[in-house]
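Contents: one structure, followed by commentary.
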Amino acid sequence: MMEQKSYNNPTKSPIIQEIIMSNRIGAIAIILAERLNISSVRALKLFYESEACSKLHDKSTGLYLYGDLYVADEFMREMENKQ
């Protein structure tokens, strides 16, 4: 059995990875909008400005491996700690 090369796997494509991350961030923003009772656009802006978003993009943190609800919880904890 031949080993599949990563460049033959479309999910390894940087473009596909970017699309997946964009979709995830959108889903996280919707969760946050509902929790905070704010618009999804406002939630998206708040999330993009957060440490949680930075951690999500930084593969060394491993946050990208967790589900959207966990990432939303991480954002909420961050906001609570700022108050």
Side-chain angles (χ1 to χ4, degrees):
M1 189 177 222
M2 289 182 55
E3 185 178 358
Q4 186 177 24
K5 302 269 189 221
S6 63
Y7 57 81
N8 288 333
N9 184 346
T11 61
K12 299 290 183 187
S13 159
I15 293 169
I16 299 297
Q17 291 292 313
E18 192 172 321
I19 291 168
I20 291 168
M21 183 63 76
S22 294
N23 285 337
R24 288 197 63 200
I25 289 171
I28 292 164
I30 296 297
I31 294 165
L32 295 174
E34 290 172 357
R35 286 186 184 179
L36 299 170
N37 198 27
I38 59 175
S39 74
S40 55
V41 172
R42 177 80 176 126
L44 187 63
K45 183 179 184 322
L46 288 172
F47 185 71
Y48 268 121
E49 294 171 348
S50 72
E51 184 67 26
C53 186
S54 294
K55 288 179 180 176
L56 183 63
H57 283 90
D58 180 357
K59 297 232 188 226
S60 71
T61 68
L63 188 59
Y64 74 99
L65 297 170
Y66 289 83
D68 296 343
L69 290 172
Y70 183 89
V71 177
D73 288 345
E74 186 76 13
F75 172 87
M76 297 299 289
R77 281 189 292 275
E78 178 184 339
M79 293 299 106
E80 288 172 7
N81 290 335
K82 284 185 177 181
Q83 293 180 0

Students should find that the hydrophobic cluster of Y48, defined by side-chain heavy atoms under 4.5 Å apart, otherwise consists of M21, I25, I28, L32, L36, I38, L44, L46, F47, L56, L63, Y64, L65, Y66, Y70, V71, F75, M76, M79
Discussion item. Whether E74 and R77 form a salt bridge (side-chain N of Lys/Arg under 4.0 Å from carboxylate O of Asp/Glu) is what I want to check.
Written reply: yes
side-chain hydrogen bond (donor to acceptor under 3.5 Å, both in side chains): which pairs involve residues 18-36, sequence neighbours left out?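 Sorted pair list: R24-D68, R35-D73.
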State, to 0.1 Å, how close A43 and A33 come at their nearest heavy-atom pair, and which atoms those are.
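That would be CB-N, 3.7 Å.
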Output for pair (S60 OG, K55 NZ), nearest 0.5 Å, gives 10.5 Å
By salt bridge (Lys or Arg N to Asp or Glu O under 4.0 Å), K82 pairs with (sequence neighbours left out) E78
